[in-house]
Amino acid sequence: MSVKTITKTFSVVALAAAGIFATGHGFFTSAIAQEEAAPVILIVDQARLLATSKAGKSVSEQMGALQTTANKELEETIGTIIAEAEELKAKQGSMDENVYLEEAKRLAVAQNNIPMLREIKVRELQVAEQRALAEISEVMRPILKEIVDARGATLLLDRSAVMYASTTTDITEDVLEKLDGEISTVKIERIELVKQQQLAAQQRAAAQQ
C-alpha cells in the first residue's frame, strides 16, 4: 500500500494580493498553521495479522501440509532414481551395450535435474502461498479503509517501517477483529508449474498450426 501525501505551498505574494493581510498578521499565521497541521498517522502490523488471524493460521497449516507432501514426493523421486541406477548396474553384463548407455544417460539426466526439480517445488509452494495471502489482503483492504476513514487519518504505515509509535496509533487489534469476522479460512490450491508450462507450450504449438 502506498499513500501519497500532498503538501500545499502558499505564496505570500498571492495571499497579499487576495487581501489576506488586510485582516491582520494573526489571520495569516492561523491560516498557515491550519494548512500545515500534522497528518494523522496510524500503524498496522500486517505480519502479525497474517500470523494470528484465523485465515492466516489456515494458510500456515495448509502450507505445512503441502511442504510435507512436496518433500515426500522429492524423496520418492530420488529413491526411484537410485533404485533404477542400482538395477541397471546389476544388469549391465546381460544388456546390449547401446541400450545400457541410453538408460545410463537417462538416469544421469534425471539425477542432474534433481536440484531443478527441488527449486520448482519450492517455487510452487511460494506461488500457492502468495495467492492465498493476496486473497486475505483483498478482504483486509476495505477494512483498513473503513478504520482509517473513521479515525480521520491521512497516512497508514506498516509496523515494520516504524521505529516507534504510540499504542493509540496501532489499529492492528481492530483490524484483526474485523478480519476474523469476514474470513476464517482460505483454501490453498496446489500449483503444478511443470504441468502449467507444458500446457502453455501445447497451446502455443496448437495456435501456430
Side-chain angles (χ1 to χ4, degrees), residues 1-4 42-85 105-148 155-162 170-209:
M1 263 177 283
S2 62
V3 179
K4 294 182 179 178
L42 296 178
I43 308 297
V44 66
D45 191 337
Q46 294 187 82
R48 183 181 163 204
L49 287 171
L50 294 176
T52 62
S53 65
K54 293 177 181 178
K57 288 179 179 179
S58 78
V59 170
S60 180
E61 292 171 358
Q62 292 176 77
M63 287 304 301
L66 286 178
Q67 178 71 65
T68 299
T69 299
N71 288 337
K72 183 179 179 181
E73 290 174 352
L74 188 60
E75 290 173 359
E76 289 176 349
T77 299
I78 294 173
T80 298
I81 294 172
I82 292 174
E84 289 182 356
K105 182 179 178 180
R106 180 183 66 81
L107 290 173
V109 171
Q111 183 176 1
N112 291 334
N113 284 341
I114 289 175
M116 183 179 67
L117 180 60
R118 181 181 291 108
E119 289 299 319
I120 290 175
K121 289 189 176 296
V122 169
R123 181 57 182 157
E124 288 176 347
L125 292 173
Q126 290 174 340
V127 172
E129 183 177 35
Q130 288 168 1
R131 290 184 180 181
L133 296 181
E135 187 174 338
I136 297 176
S137 295
E138 281 297 313
V139 178
M140 191 190 306
R141 190 172 292 112
I143 294 175
L144 292 173
K145 185 179 186 306
E146 177 186 350
I147 296 176
V148 166
L155 196 62
L156 178 63
L157 299 176
D158 186 74
R159 190 68 183 83
S160 62
V162 180
D170 195 319
I171 63 171
T172 304
E173 283 298 327
D174 293 339
V175 177
L176 180 61
E177 182 179 355
K178 291 179 178 294
L179 183 62
D180 282 345
E182 291 286 338
I183 183 172
S184 60
T185 184
V186 175
K187 181 175 176 55
I188 296 183
E189 299 291 343
R190 182 174 179 180
I191 309 300
E192 297 188 40
L193 295 178
V194 173
K195 289 185 178 181
Q196 289 183 358
Q197 292 169 355
Q198 292 173 342
L199 179 60
Q202 292 173 358
Q203 291 174 343
R204 286 194 299 269
Q208 293 174 356
Q209 292 178 355

Atom [atom1] of [X] and atom [atom2] of [Y]: how far apart are they, to the nearest 0.5 Å?
X	Y	atom1	atom2	answer
K54	I136	NZ	CD1	13.0 Å
L66	E73	CG	CD	9.5 Å
E129	I188	CD	CD1	7.0 Å
T172	L42	OG1	CG	10.0 Å
L49	L176	CG	CG	6.0 Å
I143	I171	CD1	CD1	10.0 Å

Write down the atom of [X], the atom of [Y], and the distance for their closest heavy-atom approach.
X	Y	answer
R159	I43	CD-CG2, 3.4 Å
E182	V139	CB-CG1, 3.7 Å
L107	E84	CD2-OE1, 3.1 Å
A132	V59	CB-CG2, 3.9 Å
I81	Q111	CD1-N, 4.1 Å
L74	R118	CD2-NE, 3.6 Å

Side-chain heavy-atom pair V44, I147 within 4.5 angstrom cut-off: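 No - every pair of side-chain heavy atoms lies 4.5 Å or more apart.
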Residue pair T68 / K72, side-chain heavy-atom distance below 4.5 Å: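 T68 does not reach K72 side chain to side chain.
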N/O donor-acceptor pair under 3.5 Å between S58 side chain and V186 backbone: yes
S60 side chain vs G56 backbone, donor-acceptor pair below 3.5 Å: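 No: the side chain of S60 does not pair with the backbone of G56.
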CD (E177) with more than 12 external heavy atoms under 6.0 Å: no
Side-chain donor-acceptor contact under 3.5 Å, E75 with N71: no
Short N-O contact, E189 and R131, less than 4.0 angstrom: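 So E189 does not pair with R131 through a salt bridge.
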